[in-house]
Amino acid sequence: MNAKTMNPPKHLESLHHFIGGKRVSASGGRFGEIYNPAVGAVAKRVPLASAAEVETAIAAAFQAFPKWSAVAPGRRAQVMFAFRDLIKQHLDELAQLLSAEHGKTIDDAKGSLTRGLEVVEFACGISQLLKGEYSENVAGGVDSWSMRQPLGVCAGITPFNFPAMVPMWMFPMAIACGNTFVLKPSERDPSCPLRLAELMQQAGLPDGVLNVVNGDKEAVDTLLMDARVQGVSFVGSTAVGEYIYQTGTAHNKRVQALCGAKNHMVVMPDADIEQAVDAVMGAAYGSAGERCMAISVVVAIGDQTADALLEKLLPKLDALKVGPYTDASSEMGPIINPAAKARIEGYIGKGVAEGAQLVRDGRATVVKGAENGCFVGATVFDRVKTNMSIYTDEIFGPVLSIVRAESYEEAVRMVNQHEYGNGVAIFTRDGDAARDFAHRIQIGMVGINVPIPVPLAFHSFGGWKRSLFGDHAIHGPEGVRFYTRLKTITSRWPSGIRSGAVFNFKAGGEH
Ligand code: NAD
């Protein structure tokens with residue numbers, strides 16, 4: 001687990017759970033540390049819920065379900081409209097909470113809140129989204145129709161890197177569909193999701209429909225094994241996601257687990273190199289590379305392409321301003337905590353040992369005025385080979401590998417053979433190559449001259465291979481399908497009309 005359960009000092013602010021519409025203080029006695037990575041110090045204590053505490057949240061959601069699922073979708077949408085307005089009003093406050101625990105720049109924090117907000121806006125259209133299908137007269141006098149009904153209590157388990165956006169991929173869709181929800185946010189940055197739950201309450205959500213429990217494996221296991229929980233959405237690392245999928249489905253739950261990634265960007269010799277380099281800057285180093293859609297491998301077709309890319313990339317890297325979110329001119333913030341920083345620096349060491357050429361080394365980065373901050377500077381390796389760990393593993397930091405390929409076919413093979421299948425991009429001016437790439441590539445989300453092809457809220461987000469376990473991508477139409485189950489009704493009414501009867505409901509009349 002990531003939060004240290006080392007009894008962080010008691011004088012620090014202690015967070016709470018949010019259960020049944022109220023802030024609930026911890027009763028379990030275990031706490032983890034919330035670290036402010038820009039400052040480099042432990043800032044708060046987070047309670048790590050016991051199984052009994054999680055069960056109270058499940059019970060609150062279970063109790064709220066019958067009433068909430070009976071509320072008309074249009075009325076459920078009214079809560080989403082009000083929630084949308086509240087997020088806009090509280091955007092600065094939410095971004096501050098998020099950056100103080102995650103470390104990303106305020107602009108990045110606001111950008112992620114806006115992407116979450118788009119899912120809320122999509123959920124506002126729930127009446128339209130839940131419309132069923134109808135077939136008249138499928139046999140003589142027989143009609144058939146289908147409708148989608150909510151599952152019951154659903155749970156969400158979310159990662160540290162998008163503490164607001166990823167929960168908002170889940171609970172607005174689940175709740176708009178008529179479910180109740182228990183969210184277990186990352187124990188590393190839970191303040192923003194806790195505040196979002198309060199804003200949902202303020203927006204008019206009845207008590208118990210959305211609950212937040214803080215915790216670690218004990219909390220997660222309780223959610224996975226409790227028979228009252230019907231659906232589980234997970235976003236996080238592949239090792240944990242595979243466990244969640246296997247454990248949740250073994251307990252007969254519907255599970256979607258969106259996991260780790262290693263996203264390639266293929267740069268063809270005919271690409272606009274300036275455009276490709278700008279794309280790499282944002283996609284490899286934005287949010288310090290702690291993004292499941294970050295580009296961490298550039299596959300340059302031909303040495304000339306690789307050389308041209310590096311020539312334009314390196315001056316931009318040298319000018320990249322690394323710093324804390326409190327400095328508005330910072331372009332890249334810190335890494336989430338010292339353990340994650342040590343892990344990233346360990347990979348840089350391995351890359352050198354494995355024989356890749358380290359062109360820029362971010363390990364010794366010190367930021368003036370934030371000397372204790374958890375910073376790793378932008379790092380680039382050239383001449384990376386596909387058997388090196390910096391190529392095979394998800395590093396989840398600002399480390400880019402450049403692989404030199406001899407041909408387009410070699411690049412396609414490389415991408416398709418990688419165990420992850422979240423996102424990929426091709427940069428080219430050749431429509432034929434782009435079309436072929438989109439068709440043959442074994443990846444869930446594909447960008448053509450777009451480095452981070454994150455689908456908007458009305459499409460669905462999800463990878464292939466070991467980047468997603470389960471059958472459903474998240475939000476958009478797939479979100480509605482995941483959070484509802486299909487019921488199909490076939491009906492026949494005894495018909496007096498077809499046998500020539502006349503309707504007359506007066507006493508003694510013929511019918
Ligand atoms: P993580 O897997 O460590 O944690 C995710 C969640 O699982 C947290 O809530 C955590 O408390 C819980 N958890 C951790 N260990 C557990 C265990 N042993 N048993 C049960 N629950 C456990 O992930 P993270 O470090 O917070 O986030 C980074 C990872 O998330 C990266 O791999 C990244 O690619 C992935 N991610 C994927 C997507 C996507 O859409 N595919 C999006 C964002 C992040």
Side-chain angles (χ1 to χ4, degrees), residues 1-5 30 32 34 46-49 51 54 101-102 104 112 115-116 119 155-170 182-190 193 212-225 232-248 255-263 287-296 335-337 339-341 343-344 393-397 419-423 443-445 452-455 460-470 472-476 478-479:
M1 290 304 300
N2 302 305
K4 288 192 206 144
T5 52
R30 287 194 311 126
I34 298 178
V46 57
L48 302 175
V54 179
E101 294 178 359
H102 178 280
K104 64 178 78 183
S112 71
R115 296 314 294 261
V119 180
I157 299 150
T158 53
F160 81 85
N161 66 325
F162 284 104
M165 180 187 81
V166 171
M168 284 200 276
W169 283 355
M170 300 174 182
V182 180
L183 173 68
K184 207 300 288 169
S186 170
E187 63 277 35
R188 293 188 249 177
D189 45 16
V212 182
V213 281
N214 290 302
D216 56 8
K217 183 169 166 55
E218 182 170 345
V220 171
D221 285 345
T222 309
L223 291 168
L224 292 177
M225 292 174 202
V232 176
S233 301
F234 169 85
V235 176
S237 60
T238 294
V240 179
E242 192 167 21
Y243 165 77
I244 301 266
Y245 181 75
Q246 288 172 352
T247 311
V255 183
Q256 56 179 180
L258 286 85
C259 297
K262 193 83 183 176
N263 306 312
S287 275
E290 291 174 323
R291 284 201 284 221
C292 69
M293 288 294 274
I295 292 293
S296 47
I335 301 304
I336 184 75
N337 61 24
K341 175 176 149 103
R343 187 178 164 276
I344 294 165
D393 299 0
E394 181 184 44
I395 301 175
F396 221 55
E419 66 169 320
Y420 294 120
N422 217 37
I443 303 284
M445 294 172 280
I452 302 193
V454 173
S460 300
F461 181 110
W464 286 15
K465 300 188 273 187
R466 288 177 63 75
S467 293
L468 190 149
F469 299 95
H472 293 87
I474 211 160
H475 69 61
E478 289 269 290

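Atoms within each ligand, like the ligands themselves, are counted from 1 in listed order. Numbering starts at 1 and runs along the sequence shown.
Classification of the Phe160-His102 ring pair by plane angle, with boundaries at 30° and 60°, yields parallel.
The residue from Cys292, Cys259, Gly156 that puts a heavy atom closest to atom 41 (N) of ligand 1 is Cys259. The option from Thr158, Val240, Leu258, Asp189 that lies nearest to atom 6 (C) of ligand 1, judged by heavy atoms, is Thr158. Comparing heavy-atom distances from atom 35 (C) of ligand 1 across Pro159, Gly236, Ala257 singles out Gly236 as nearest.
In this structure, CZ in Arg30 is found 4.0 Å from CG in Asp216, a value given to the nearest 0.5 Å. A distance of 4.5 Å separates CG of Leu258 from CG of Leu468, quoted to the nearest 0.5 Å.
The shortest heavy-atom contact between Ile335 and Ala340 is CG2-CB, 3.6 Å.
Tyr245 is linked by a side chain to side chain donor-acceptor pair (under 3.5 Å) to nothing, counting only residues two or more places apart in sequence or in another chain.
Ligand 1 places these atoms under 4.0 Å from at least one heavy atom of Phe396: 28 (C), 31 (C), 33 (C), 34 (O). Shown in contact with Gly260 at under 4.0 Å from a heavy atom are these atoms of ligand 1, numbered in order with element: 32 (O), 34 (O). Which parts of ligand 1 touch Ile157 is read off a 4.0 Å heavy-atom cut-off, strictly below it: atoms 6 (C), 7 (O), 9 (O). Counting atoms of ligand 1 from 1 in the listed order, those under 4.0 Å from a heavy atom of Glu394 are 31 (C), 32 (O), 33 (C), 34 (O). Shown in contact with Val220 at under 4.0 Å from a heavy atom are these atoms of ligand 1, numbered in order with element: 20 (C), 21 (N). Near Asn422, with a cut-off below 4.0 Å to any heavy atom, the atoms of ligand 1 are 41 (N). Interface of Asn161 with ligand 1, defined as ligand atoms under 4.0 Å from a residue heavy atom, comprises 43 (C), 44 (C). Atom numbering of ligand 1 starts at 1 in the shown order; those under 4.0 Å from a heavy atom of Ser237 are 1 (P), 2 (O), 23 (O), 29 (C), 30 (O), 32 (O).
Heavy atoms of Glu290 found under 4.0 angstrom from ligand 1: none, in either backbone or side chain.
Under the 3.5 Å distance criterion, the side-chain polar atoms of Glu394 are left unmatched by any main-chain donor or acceptor of Gly260. Panel note: side chain Asn263, backbone Ala294; a donor-acceptor pair is recorded below 3.5 Å.
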TODO: List the steps and the verdict of side-chain hydrogen bond (donor to acceptor under 3.5 Å, both in side chains) for Asp393 and Tyr420.
DONE: CA-CA 9 Å; Asp393 299 0; Tyr420 294 120; over 6 Å; no
Task: Worked verdict on Glu187 versus Asn214 for side chain to side chain contact (heavy atoms under 4.5 Å, CB included) - done: CA-CA 6 Å; Glu187 63 277 35; Asn214 290 302; over 6 Å; no
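Electrostatic pairing of Arg466 and Glu242 counts as a salt bridge here, judged by a charged N lying under 4.0 Å from a carboxylate O.
At a 3.5 angstrom cut-off on N or O pairs, Phe160 counts as close to ligand 1. Checking only distances, Lys184 does come within under 3.5 Å of ligand 1, N or O to N or O. Here's the thing with Glu187: one of its N/O atoms is less than 3.5 angstrom from an N/O atom of ligand 1. For ligand 1, none of its N or O atoms has an N or O atom of Ser467 under 3.5 Å away. Of the N or O atoms in Thr238, none lie within a sub-3.5 Å distance of an N or O in ligand 1. The shortest N or O to N or O distance between Tyr243 and ligand 1 is not below 3.5 Å.
Cation-pi check for Lys104 over Phe162 is met; the charged atom lies under 6.0 angstrom from the ring centroid and within 45 degrees of its normal.
Put simply, part of Trp169 is less than 4.0 Å from ligand 1, judged by heavy atoms. Contact analysis leaves Met293 out of contact with ligand 1, as no non-hydrogen atom separation drops below 4.0 angstrom.
Checked options Leu183, Val182, Leu48; the residue passing with Val213 is Val182 (criterion: side-chain contact (heavy atoms from CB on, under 4.5 Å)).
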